[in-house]
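Structure first, commentary second.
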Amino acid sequence: MKNFITINDLPNFKKCVENALIYKIDPFIHNGIGKNKTIGLLFFNPSLRTRLSTQLAAQNLGLNIMVMNLSTETWALEFEDGTKMSGIRSEHVKEAAAVISQYCDIIGIRAFANLTDKNKDEAEIVLNSFSKYAKKPILNMESSTSHPLQAIADAITIKENMPKHKPKVVLTWAPHPKALPHAVGNSFTRMINHIDADYYIAQPEGYELDSRITKNAKITYNQSEALENADFVYAKNWASYSNYGQILKTDNEWMLTKEKMKITNNAKFMHCLPVRRNIIVSDEVLDNKNSLVIQQANNRTFAAQSVIKLLIDGIS
Ligand code: CP
């Protein structure tokens with residue numbers, strides 16, 4: 001695999017999940033394959049899980065690892081071509097990416113949507129600029145429009161908790177005080193196409209995700225209807241897509257509560273974390289034995305390991 005930008009880049013999604021489960025049993029079976037290779041993990045935004053799990057995954061494969069917070073630790077980067085750089089941006093991505101590519105064999109990047117300009121976010125300027133000027137394999141650690149490592153971890157978690165029947169899986173919008181990107185919802189929805197499941201997305205009007213991505217999902221504005229007999233409930237906030245980046249609703253009517261979970265089929269609760277307690281989901285749901293959030297976070301390591309192995313294979 002040359003780059004990992006979305007889960008569509010995987011040569012075989014099912015195999016990637018199976019390999020991740022093998023790494024979960026024995027993380028060190030491919031401990032030598034990263035020897036004398038270096039991965040650089042570049043963060044334009046904060047992270048707890050992605051930073052640590054990707055670092056651990058690379059370490060399990062024997063890679064050398066360099067991590068840098070580009071938002072605080074280095075020169076502010078310019079991404080526009082032909083700009084007179086008289087402002088706060090001191091270095092162009094052309095030089096920065098070319099320089100970093102001399103130090104790294106694989107480059108992981110986290111660069112969120114800014115949620116002010118849909119066209120710019122969808123152009124994935126940071127990821128694509130590094131890909132263009134670094135000419136090294138790019139590992140998406142959450143971009144403007146997708147979070148594929150999270151989606152693979154979610155697929156592993158669903159597989160580990162799969163009921164005997166075809167499951168009903170619900171992605172439900174939940175409230176949040178800040179405008180959040182669409183990346184997790186997009187990638188989870190793309191991922192579900194690889195699972196035999198009845199998939200519903202519930203959200204208030206105005207919060208529909210990109211219809212090019214949700215085309216195979218059953219969409220409803222009625223959260224209770226979606227939750228009925230659900231086997232998995234994934235709560236997530238995102239800002240409006242049509243009214244790009246706007247917050248249209250902040251009340252707690254859509255928060256996941258114990259009462260709402262009662263109408264499910266004893267559903268497992270999922271969230272990518274970090275999660276705001278008693279805003280997105282009540283304490284009782286999050287602290288319940290049916291909550292999978294810690295298992296999801298654990299599976300981030302093995303998802304990353306499975307993907308990085310494919311990127312190493314691509315350069316070997
Ligand atoms: N789920 C996730 O990506 O967590 P972090 O933002 O902490 O990396």
Side-chain angles (χ1 to χ4, degrees), residues 1-13 16 30 32-45 47 50-51 53-55 57-83 85 89-114 119-152 183 187 190 303-316:
M1 185 169 65
K2 295 291 175 212
N3 289 295
F4 180 66
I5 307 298
T6 76
I7 60 166
N8 297 340
D9 290 319
L10 293 172
N12 185 329
F13 178 82
C16 177
H30 290 141
I33 67 156
K35 191 172 184 308
N36 298 332
K37 292 193 170 54
T38 298
I39 187 167
L41 305 180
L42 311 180
F43 287 87
F44 288 86
N45 305 97
S47 169
T50 304
R51 177 166 172 168
S53 65
T54 310
Q55 204 165 336
Q59 199 174 293
N60 290 346
L61 293 169
L63 284 151
N64 300 313
I65 304 151
M66 296 193 291
V67 184
M68 187 173 242
N69 286 314
L70 276 85
S71 58
T72 55
E73 291 176 348
T74 185
W75 314 109
L77 294 187
E78 176 60 62
F79 289 89
E80 298 276 344
D81 278 338
T83 316
M85 287 171 55
R89 297 178 187 275
S90 316
E91 177 154 25
H92 201 281
V93 67
K94 282 186 185 180
E95 288 78 47
V99 169
I100 291 168
S101 74
Q102 298 175 112
Y103 308 148
C104 300
D105 300 288
I106 297 172
I107 301 173
I109 297 173
R110 165 164 283 203
F112 291 171
N114 62 30
N119 291 333
K120 276 192 176 168
D121 284 345
E122 295 198 334
E124 295 284 14
I125 289 166
V126 178
L127 235 61
N128 287 331
S129 298
F130 272 91
S131 183
K132 182 173 173 185
Y133 298 118
K135 296 186 172 62
K136 288 289 169 78
I138 299 295
L139 171 67
N140 182 348
M141 300 194 297
E142 188 172 345
S143 67
S144 300
T145 63
S146 65
H147 195 358
L149 289 176
Q150 181 66 51
I152 298 170
S187 290
R190 280 199 185 101
Q305 198 166 334
S306 192
V307 168
I308 294 169
K309 163 72 165 58
L310 290 170
L311 290 174
I312 293 172
D313 290 346
I315 53 178
S316 298

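- With hydrogens and angles disregarded, no donor-acceptor distance shorter than 3.5 Å links the side chain of Asn64 to the backbone of Ile39.
- Met1 is listed as a side-chain neighbour of Asp9, based on a closest heavy-atom distance under 4.5 Å.
- The shortest distance between side-chain heavy atoms of Pro137 and Ile315 falls below 4.5 Å.
- A donor-acceptor pair under 3.5 Å is formed between the side chain of Ser101 and the backbone N or O of Ala98.
- By the side chain to side chain donor-acceptor pair (under 3.5 Å) test, Thr54 pairs with no residue at all, sequence neighbours left out.
- By the 4.5 Å heavy-atom criterion applied to side chains, Ile152 and Cys16 are counted as neighbours.
- Between the side chain of Thr74 and the backbone N or O of Leu70 there is no donor-acceptor pair closer than 3.5 Å.
- For the residue pair Asn140/Ser146, the side-chain donor-acceptor check at 3.5 Å is satisfied.
- The distance from the CZ atom of Arg51 to the CD1 atom of Ile65 is 11.0 Å, given to the nearest 0.5 Å.
- With Thr38 contributing its side chain and Cys104 its backbone, the two residues share no donor-acceptor pair below 3.5 Å.
- Atom CD of Glu124 is separated from atom CD1 of Ile138 by 12.0 Å, given to the nearest 0.5 angstrom.
- The main-chain N or O of Lys37 is never found under 3.5 Å from a side-chain atom of Asp105 such that the two would form a donor-acceptor pair.
- No side-chain N or O of Arg190 forms a donor-acceptor pair with one of Thr6 less than 3.5 Å apart.
- In this structure, Leu127 and Ser143 approach most closely via the heavy-atom pair CD2-CB, 3.8 Å.
- For His30, the ring-ring contact (aromatic ring centres under 6.0 Å, His included) partners are Tyr23, not counting sequence neighbours.
- Across Lys309 and Ile33, no two heavy atoms sit closer than the pair CD-CD1, 3.1 Å.
- Remark: Phe4 CZ to Ile106 CD1 distance equals 12.5 Å, nearest 0.5 Å.
- Between atom NZ of residue Lys136 and atom CG of residue Asn3 there is a gap of 12.5 Å, rounded to the nearest 0.5 Å.
- Take Phe112 and apply the ring-ring contact (aromatic ring centres under 6.0 Å, His included) test, not counting sequence neighbours, and it matches no residue.
- Contact between Ala113 and Asp121 at its shortest, heavy atoms only, is CB-OD2, 3.4 Å.
- You'll find the side chain of Asp81 reaches within 4.5 Å of the side chain of His92, heavy atoms only.
- One N or O on the side chain of Arg110 and one on the backbone of Met141 form a donor-acceptor pair closer than 3.5 Å.
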Determine, step by step, whether Ile107 and Leu41 satisfy the side chain to side chain contact (heavy atoms under 4.5 Å, CB included) criterion, reporting the C-alpha distance in whole Å, the side-chain angles of both residues, the deciding distance to 0.1 Å, and the verdict.
CA-CA 6 Å; Ile107 301 173; Leu41 305 180; over 6 Å; no
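- The distance from atom CE of Met68 to atom CG of Leu42, rounded to the nearest 0.5 Å, is 8.5 Å.
- Residue Leu77 holds its CG atom at 5.0 Å from CZ of Phe44, rounded to the nearest 0.5 Å.
- Within a 6.0 Å sphere centred on CD of Glu80, heavy atoms belonging to other residues, nucleotides or ligands number 12 at most.
- Asn8 has its side chain out of reach of Phe13: every pair of non-hydrogen atoms, C-beta onward, lies at least 4.5 Å apart.
- Ile109 has its side chain out of reach of Leu139: every pair of non-hydrogen atoms, C-beta onward, lies at least 4.5 Å apart.
- Annotation: side chain of Glu95 is not in contact with side chain of Tyr133 (no heavy-atom distance under 4.5 Å).
- In terms of heavy-atom proximity, Gly34 sits nearest to Ile312 at CA-CD1, 4.2 Å.
- Contact detail for Ala183 and Ser144: the closest heavy-atom pair is CB-O, 4.2 Å.
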